[in-house]
Amino acid sequence: MKLRPYSSALLALCGFILMSMGFYFVFLRPPLLPEDMRFLDTSLPMLQQTFPHLLLWLHRVFWVMGAFMFTSGLLTLYIARTSFRKRTPGVAGLMTLAGITSIGWMTVVNFLIGSDFIWFLTAVTVLWGLALMLFWWRK
């Protein structure tokens with residue numbers, strides 16, 4: 001009986017989720033969410049009066065950030081389906097570092113700002129960690 005590469009499937013799922021998040025940031029995310037206004041402790045009219053171009057600037061920043069998220073997810077998906085599945089030397093360390101510096105750090109920062117999305121991001125981070133644990137356990 002062939003052992004299925006569940007670690008690869010979970011990591012591929014994380015890559016797909018990152019791609020979806022990138023799509024959201026580029027095409028669907030408004031420049032400011034209600035949680036942003038709570039964190040800034042101000043109102044939208046006050047921000048627009050004080051910084052008239054802020055919303056346009058943020059929209060463009062999220063285009064860039066979303067494109068990077070999408071690309072990070074695309075590369076994660078590809079590595080999960082190739083090098084991670086084949087157990088290429090060094091791939092576990094690479095994906096550990098990638099998880100910490102991408103979804104892991106995003107989760108930490110979202111905890112710091114009191115985001116409404118912390119539990120979703122935590123779940124994705126846990127899935128990434130589980131993929132790595134399954135990878136090491138399967139040796």
Side-chain angles (χ1 to χ4, degrees):
M1 183 163 93
K2 185 177 177 188
L3 188 59
R4 295 178 189 261
Y6 293 114
S7 60
S8 177
L10 275 178
L11 190 61
L13 175 62
C14 291
F16 178 77
I17 292 169
L18 283 177
M19 290 169 65
S20 300
M21 289 168 56
F23 181 89
Y24 168 76
F25 270 73
V26 170
F27 295 109
L28 303 172
R29 190 192 192 283
L32 289 170
L33 298 170
E35 69 182 35
D36 300 322
M37 302 313 298
R38 282 194 311 268
F39 182 80
L40 295 172
D41 194 27
T42 191
S43 67
L44 184 57
M46 179 63 79
L47 271 180
Q48 288 174 319
Q49 180 182 10
T50 309
F51 305 103
H53 300 290
L54 178 65
L55 297 181
L56 177 61
W57 179 78
L58 283 173
H59 194 68
R60 291 176 180 169
V61 166
F62 289 133
W63 286 349
V64 173
M65 199 164 94
F68 269 92
M69 277 185 212
F70 185 89
T71 303
S72 177
L74 182 64
L75 292 172
T76 298
L77 179 64
Y78 178 78
I79 290 170
R81 304 293 292 158
T82 58
S83 302
F84 202 72
R85 178 175 278 199
K86 293 176 186 174
R87 305 182 67 77
T88 301
V91 73
L94 175 72
M95 295 318 293
T96 298
L97 184 58
I100 290 168
T101 59
S102 63
I103 193 68
W105 188 244
M106 186 176 194
T107 302
V108 168
V109 171
N110 274 264
F111 266 102
L112 293 174
I113 66 172
S115 170
D116 296 336
F117 300 96
I118 54 176
W119 301 115
F120 170 76
L121 294 170
T122 299
V124 178
T125 303
V126 167
L127 284 177
W128 195 297
L130 184 58
L132 291 167
M133 289 190 318
L134 288 172
F135 181 90
W136 288 311
W137 180 65
R138 189 173 161 232
K139 284 186 180 180

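What you see is a predicted model, and the numbers here were worked out from it, not measured in a lab.
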Taking the side chain from [X] and the backbone from [Y], do they hold a donor-acceptor pair closer than 3.5 Å?
X: Ser83; Y: Val91; result: no
X: Glu35; Y: Asp116; result: yes
X: Asp41; Y: Arg38; result: no
X: Trp128; Y: Gly104; result: no

How long is the span from the [atom1] atom in [X] to the [atom2] atom in [Y], to the nearest 0.5 Å?
X: Met65; Y: Leu58; atom1: CE; atom2: CG; answer: 10.0 Å
X: Leu54; Y: Leu32; atom1: CG; atom2: CG; answer: 6.0 Å
X: Met69; Y: Ile17; atom1: CE; atom2: CD1; answer: 13.0 Å
X: Ser72; Y: Leu77; atom1: OG; atom2: CG; answer: 11.0 Å
X: Met19; Y: Cys14; atom1: CE; atom2: SG; answer: 13.0 Å
X: Leu112; Y: Phe39; atom1: CG; atom2: CZ; answer: 8.5 Å

Taking atom [atom1] as the centre, does [X] end up with more than 12 heavy-atom neighbours from other residues, nucleotides or ligands that are less than 6.0 angstrom away?
X: Phe68; atom1: CZ; answer: no
X: Arg85; atom1: CZ; answer: yes
X: Met46; atom1: CE; answer: no

Minimum heavy-atom separation for Leu11 and Ala131, please, with both atom names.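 Taking every non-hydrogen atom into account, N-CB, 3.7 Å.
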
Locate the shortest heavy-atom distance separating Ala12 from Arg81; write the atom from each residue and the value.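 Ala12 and Arg81 have their closest heavy atoms at CB-CD, 3.9 Å.
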
Within the structure provided, determine whether Leu44 and Leu55 are in side-chain contact (heavy-atom separation under 4.5 Å).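 Sidechains of Leu55 and Leu44: in contact.
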
State, with a plain yes or no, whether a side-chain heavy atom of Phe23 is found less than 4.5 Å away from one of Leu18.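 The answer is no, as the side chains (C-beta and beyond) never meet within the 4.5 Å cut-off.
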
Under 4.5 Å between side-chain heavy atoms, counting indirect links through other Ile/Leu/Val/Met/Phe/Trp/Tyr residues: same cluster for [X] and [Y] or not?
X: Leu13; Y: Leu94; answer: yes
X: Phe16; Y: Val26; answer: no
X: Ile103; Y: Phe25; answer: yes
X: Leu56; Y: Phe62; answer: no
X: Ile118; Y: Leu127; answer: no

Ring centroid separation for Phe84 and Phe135, is it under 6.0 angstrom? yes

Side-chain donor-acceptor pair under 3.5 Å between Thr107 and Thr125, yes or no?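 Thr125 and Thr107 do have a side-chain donor-acceptor pair below 3.5 Å.
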
Assign the ring pair Trp63 / His59 to parallel, tilted or perpendicular, where the plane angle (0 to 90°) is split at 30° and 60°.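 Correct class here is perpendicular.
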
Please determine if Arg29 forms a cation-pi arrangement with Tyr24, meaning its NZ or CZ atom is less than 6.0 Å from the six-membered ring centre and no more than 45° off the ring axis. no

Once ring-ring contact (aromatic ring centres under 6.0 Å, His included) is applied, what residue pairs with a partner in residues 106-127 remain, sequence neighbours excluded? Phe111-Trp119

